[in-house]
Every structure is written in structure tokens, then in C-alpha cells.
Amino acid sequence: MSNIPKIVILGAGYGGILTAQRLQKELNYNEADVTLVNKHDYHYFTTHLHMPAAGTDKMENARVSISKLIDEFKIDFVKATVQQIRLQDKKVLLEDGSALSFDYLIIAMGGEPETFGIPGMAEHAMNIRSINSVRFIRQHIEFQFARYKRDQSRTECLTFVVGGAGFTGIEFVAELADRIPKLCKEYDVDPELVKIYNIEAAPSALPGFDPELVEYAMDVLKKKGVTFKIGTAIKECTPDGVIVGENEFIKAGTVVWTGGIRGNHMIEEAGFETMRGRVKVDEYLRAPGHDNIYIIGDNSLMFNPEGRPYPPTAQIAMQQGVTCAHNIVASIRNQQPKKFVFSNKGTVASLGKGEAIGVVGNRKFKGFIAAQLKKAVDIRYLFIIGGIPLVLKKGKFF
Ligand SMILES: Cc1cc2nc3c(=O)[nH]c(=O)nc-3n(C[C@H](O)[C@H](O)[C@H](O)COP(=O)(O)OP(=O)(O)OC[C@H]3O[C@@H](n4cnc5c(N)ncnc54)[C@H](O)[C@@H]3O)c2cc1C
């Protein structure tokens, strides 16, 4: 048996793929065994999923085969679903009953929807989380039109509720608003009959974002037919719609929940101390009390210099992946680890075709220029993980 350290990466999303690629680059031959475990044999661009979910883009444009992103001579890829992390035994159990042992573990399995205990939300609402969840939403939306055409007393089929007006909610509702006119045409439905609600409990849409840009975004979306209910909590989600505010019932054939995410349930089950399922990692991205376990991306909790938690984003997950790989290599070589310092490259939210808002440094962008910026961000990501071939293959769709 080989004595070289075993590094196991759980999840090939933004954090996991960057970690794998950096380890592949930095490790010398035979310095460590690296295994990457992921549910699917593809990596998906979560930041692009709102488009195929609404049906404004093809599913294929939101994913790429993992074999195209890693060198399988250097990294063992295992397509499997992780079922349990056993800290004591330094083992990860997989769904097929097999186990992987590790010396170093990177947990990068992404988050799960946070429903804040709203009754019925977990059972009846759909979520934009993966290619499979997005396929379901897309089919469901089309089915509502077909269903209405078969029985036109069922007007609720044409009511769409999006819970949460954060980035995901706003980006999805914008795509949905772009898609509805096409579906109306295809199914011979009067567009006046379609209702799109975006419901948010906080006093503003896009909480924490620049107020002038938020106002701009809401104006753009209202013109596309979105009705906002801001400062309105969803009290319950039923199979037929949602109960909001003072017991108002919105009958709807479609409810998509984007109101929050929490860490993966397996982390809590493994015995880590968590806040909303996320682990407060140290400045080197290690789990408290475990110098060989790194937690990155949506499962990690880190605070900015003002003491506020960084929101879970692809941007931070990617940067953490790079630092995490560096620190594991440093640990193997008995060198000093590097502290993680987040470098904010800006935030851009798409508002559908040709429209977006964004802040980069102190500059604000809106409209067409912001939409181009969004494309540039997406293309930059393709370049980072797959170089020019991936940009040429997928970039034209962004
Ligand atoms: C619609 C939408 C739009 C977004 N837009 C932006 C944006 O514009 N900018 C931005 O910075 N962020 C955005 N985000 C947030 C961003 O996508 C996440 O913060 C980011 O994906 C987190 O990266 P991660 O590596 O932690 O996990 P993920 O990228 O979610 O990857 C987790 C991986 O783990 C795998 N996995 C999960 N469970 C298991 C298991 N049990 N076994 C094996 N594998 C498993 C998954 O299949 C996946 O491949 C958006 C999110 C959504 C949903």
C-alpha cells in the first residue's frame, strides 16, 4: 500500500473543481493521491441555471463533462453520491456501500434550500439547484400551459409564484418573464391571463444591494409583467399555491422557492458545529479542530472585516478552492499555509435578455452594459476552468 497522502474532494462545483485543478497543477508526481467525488459526471454552471429553468436556454449550455476539466491521469474521478462523512474513521461512505478513506478532506458539496420552516415549502415548491431540478421546472412550466389549454377553468395554471427576491429569484423571474410571451404564442394563450408574482419577506428586493439599481431592476421587471410583493412573508405553501401576508391565498400552478440556502445536511450529521448548516472555518479554510478538513463554498461560513458573513457565491467558492489547494500542498510539504482573503470582483445580476444591473468597485452599471458585463463574468469563468476550448464551445451561449 502506498504511503502518500490521500486527498478526497467532495463535490465538483465551483469550489471543488477549482481545488482539483489547482492540486493537479501544484502537486508533484506521486506527492499525493487525489480523488474527486461528484454525483454526476458533469460540472454545472449554477450561475446559469435560471435560464434553462425558465426555458430561455438549452440545458446543455449549463454543463460540461468533468473529464474535460481534469487530467484523469492525475486525479481519480469517482461518479458517486456521498452518503456520510465519518470523521473518526477518516472515511467517506458512498451510496453504493463503498468507502473512501482520506488524510485530507475537502467538503465542497454546495448548499441546500433553506425554507425557514415555512410549512409545505420543502414538500410543494421547486428549487433551482441542479440540472435535474431545472429540467423538472422547465417541463413543469410548459405542462401548465398544456394543462390550461385542456381545461380553461384552471386559470391557476397560468399563475407563477417565485418566493424570494434575492439574486436567484430576480434572475429567474426575469427569464420567466422573457419566456412567457413565447409560451403564450405557442399555446395560443392570452398573455393577459398570465400572472407572475415575486414575493419577498425583506423590506426590499435584492437585500443589501445598491437601492438605485434595485429600483431600476424592479422597474424593468414590472414592465415585463412581474408583480412584486415585497415585505410580504409566505406563511405556507400548499399543493395549490401560497398563503401570504394576512392570509391572502394566491392560487398557483407553479411555486419556485429561491428564498435562501443552508449548508449540506451531511455536515451537521458528521458532527461539525454549524450555523444554518454552514461551518465557521478558520482563516485557512479548515474546520475547527480538524487541521486536515477544509470546508469551502456554500458550506463554509466566513466573515468580512466588518464582521458580516460573506454571502455564499460562486466567486468566493472559486477563490476558496484556490487557497484550499495551496494550503493542502503546503501542509504536505510542511510549509506555512496562506490566509484566505476574499477579493470582491463585483456583483452582476441579469434581468433577462439584454438587461442587468451590477456593481464593480465603486462603479454602478445597468442596462445593456451591465448585461455585457454579466457575459464577461461568465466567459471569464469558462476560461479559468476550461481555457479557450471551453470558451469557444459554451461562451457564445452566455
Ligand atoms: C440560479 C442561481 C444563480 C446564481 N448566480 C450567481 C452569480 O451570478 N454569481 C455568484 O457568484 N453566485 C451565484 N450563485 C451562487 C453560486 O452558484 C453558489 O454559491 C456556488 O455554486 C457554490 O459553489 P459550491 O462549490 O459550494 O457548490 P456547487 O457549485 O453547488 O457544487 C456542489 C457540487 O457538489 C455535488 N454534490 C452535492 N451533493 C453531493 C453528494 N451527496 N455527493 C456527491 N456530490 C454531491 C453537486 O452535484 C455539485 O456538483 C447562483 C446560484 C443560483 C442557484
Side-chain angles (χ1 to χ4, degrees), residues 8-20 35-54 62-64 66 69 77-85 92-96 100 106-113 127-134 137 162 164 166-176 206 256-267 269 277-278 294-301 310-321 324 342 344-350 356-358 373-375 377-378 380-381 385 398:
V8 174
I9 307 168
L10 306 182
Y14 289 81
I17 213 78
L18 262 287
T19 309
T35 305
L36 174 64
V37 187
N38 198 59
K39 246 184 209 178
H40 318 282
D41 56 7
Y42 54 82
H43 164 82
Y44 52 82
F45 316 123
T46 317
T47 62
H48 194 72
L49 287 182
H50 52 286
M51 295 177 73
R63 65 175 178 172
V64 56
I66 288 173
L69 302 179
F77 173 63
V78 176
K79 177 177 175 282
T81 299
V82 178
Q83 207 157 49
Q84 201 186 3
I85 301 166
V92 173
L93 302 192
L94 306 179
E95 207 177 39
D96 64 3
L100 290 170
I106 300 106
I107 304 177
M109 290 187 290
E112 294 177 351
N127 306 106
I128 305 173
R129 278 310 313 161
S130 63
I131 293 283
N132 288 335
S133 70
V134 156
I137 294 174
V162 178
F167 275 82
T168 306
I170 289 287
E171 289 194 323
F172 174 62
V173 93
E175 295 301 321
L176 186 59
L206 296 170
V256 176
W257 175 247
T258 69
I261 63 142
R262 55 178 288 116
N264 191 294
H265 66 281
M266 264 177 275
I267 295 183
E269 287 165 12
R278 301 167 73 199
Y294 294 74
I295 303 185
I296 59 174
D298 287 0
N299 289 308
S300 68
L301 183 61
Y310 285 115
T313 62
Q315 195 184 156
I316 196 165
M318 289 164 64
Q319 292 180 25
Q320 287 177 325
C324 166
F342 177 54
N344 190 350
K345 309 276 185 241
T347 311
V348 192
S350 154
I357 48 169
L373 209 58
K374 175 85 182 168
K375 276 192 184 160
V377 171
D378 289 339
R380 177 178 173 268
Y381 178 64
I385 62 164
F398 280 69

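Every number for a ligand or one of its atoms is a count from 1 in the order of the listing. FYI, side chains are in, hydrogens and waters are out, and symmetry mates aren't considered; it's all heavy atoms of this structure.
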- Considering the heavy atoms of H40, write down every atom of ligand 1 situated less than 4.0 Å from one of them. 47 (O)
- Query: Which heavy atom in R262 sits nearest to a heavy atom in P113, and how many Å separate them?
  - Reply: CG-O, 3.9 Å
- Message: So, regarding G16 and ligand 1 (criterion: nitrogen or oxygen to nitrogen or oxygen, under 3.5 Å), is there a contact or not?
- Response: no
- Task: Under 4.0 Å from a heavy atom of G110: give me the atoms of ligand 1 that qualify, with their elements.
- Result: 26 (O), 27 (O), 30 (O), 32 (C)
- Counting from 1, what ligand 1 atoms have a heavy atom of A80 closer than 4.0 Å? 42 (N), 43 (C)
- At their closest point, which heavy atom of Q320 faces which heavy atom of G297, and how far apart are they? OE1-N, 2.6 Å
- Message: Starting from atom 52 (C) of ligand 1, what is the nearest protein heavy atom, named by residue and atom, and what distance separates them?
- Response: T168 OG1, 3.5 Å
- Note on the structure: shortest atom 41 (N) of ligand 1-to-protein heavy-atom contact is with V82 O, 3.1 Å
- Evaluation steps, side-chain contact (heavy atoms from CB on, under 4.5 Å), between I131 and H40: CA-CA 10 Å; I131 293 283; H40 318 282; over 6 Å; no
- Item | Matching residue for V82 among L100, I107, L94 - test: side chain to side chain contact (heavy atoms under 4.5 Å, CB included) | L94
- Under 4.0 Å from ligand 1, counting heavy atoms only, is it the side chain of E171, its backbone, both or neither? side chain
- Task: Would you mind telling me if ligand 1 is within reach of the side chain of R129, the backbone, both or neither, using heavy atoms under 4.0 Å?
- Result: side chain
- Query: Who's the nearest protein heavy-atom neighbour of atom 44 (N) of ligand 1, and how far?
  - Reply: K39 N, 3.1 Å
- All heavy atoms of A62 vs all of L49, minimum pair found to be CB-CD2, 4.1 Å
- Query: How close does the nearest protein non-hydrogen atom get to atom 35 (C) of ligand 1, and which residue and atom is it?
  - Reply: N38 OD1, 3.1 Å
- When you measure from atom 19 (O) of ligand 1 to every protein heavy atom, which one gives the shortest distance, and what is it? D298 OD1, 2.7 Å
- Task: Taking salt bridge (charged side-chain N to carboxylate O under 4.0 Å, His left out) as the test, write out the residues that go with E175, two or more places apart.
- Result: none
- protein heavy-atom neighbour closest to atom 16 (C) of ligand 1 works out as A314 N, 3.5 Å
- Note on the structure: In ligand 1, the atoms that come under 4.0 Å of a heavy atom of I128 are 1 (C), 53 (C)
- Item | Residue, atom name and distance, where the atom is the protein heavy atom closest to atom 17 (O) of ligand 1 | T46 CB, 3.2 Å
- Would you say Q315 and ligand 1 have an N/O pair spaced under 3.5 Å apart? yes
- Message: So for F172, does at least one of its heavy atoms come nearer than 4.0 angstrom to any atom of ligand 1?
- Response: no
- Query: If you count the atoms of ligand 1 from 1 in the order shown, which ones are under 4.0 Å from a heavy atom of A108?
  - Reply: 32 (C), 33 (C), 34 (O)
- Would you sort out whether I17 and H43 count as a side-chain contact (heavy atoms from CB on, under 4.5 Å), showing the intermediate values? CA-CA 8 Å; I17 213 78; H43 164 82; 3.9 Å; yes
- Taking every non-hydrogen atom, the tightest pair across A108 and G16: CB-N, 3.7 Å
- Query: What are the two closest heavy atoms between S350 and A356, and how far apart are they?
  - Reply: CA-CB, 3.9 Å
- G15 neighbourhood, listing ligand 1 atoms whose heavy-atom distance to it stays under 4.0 Å: 25 (O)
- Message: So for ligand 1, is H50 a polar contact partner (N or O within less than 3.5 Å, distance only)?
- Response: no
- Message: Can you tell me if P312 contacts ligand 1 (heavy atom of the residue under 4.0 Å from the ligand)?
- Response: yes
- Task: Distance to 0.1 Å, residue and atom name: give those for the protein heavy atom nearest to atom 6 (C) of ligand 1.
- Result: T47 CG2, 3.3 Å
- Task: Might you point out which heavy atoms bring Y294 and C324 nearest each other, and give the distance in Å?
- Result: CB-SG, 3.7 Å
- Task: Indicate yes or no: does an N/O atom of N299 lie under 3.5 Å from an N/O atom of ligand 1?
- Result: no
- Task: Check if M266 has a non-hydrogen atom at a distance under 4.0 Å from any atom of ligand 1.
- Result: yes
- Item | Single hit among V78, I9, L10 for side chain to side chain contact (heavy atoms under 4.5 Å, CB included) with T35 | V78
- Message: Here's one to test your reading of the geometry: is the NZ or CZ of R63 within 45 degrees of the ring axis of Y42 and under 6.0 Å from its centre?
- Response: yes
- Heavy-atom distances under 4.0 Å are what count here, so tell me which part of K374 touches ligand 1: side chain, backbone, both or neither. side chain
- Message: Under 6.0 Å between ring centres: does that hold for Y14 and Y381?
- Response: yes
- Separation between CG of L176 and NE2 of H50, rounded to the nearest 0.5 Å: 12.0 Å
- Note on the structure: Numbered in order shown, the ligand 1 atoms found under 4.0 Å of a heavy atom of G297 are 26 (O)
- Item | Any residue meeting salt bridge (charged side-chain N to carboxylate O under 4.0 Å, His left out) with R129, in chain and number order, not counting sequence neighbours | D298
- Query: Which of the listed options, Y381, Y44, Y42, holds the heavy atom that is closest to atom 46 (C) of ligand 1?
  - Reply: Y44
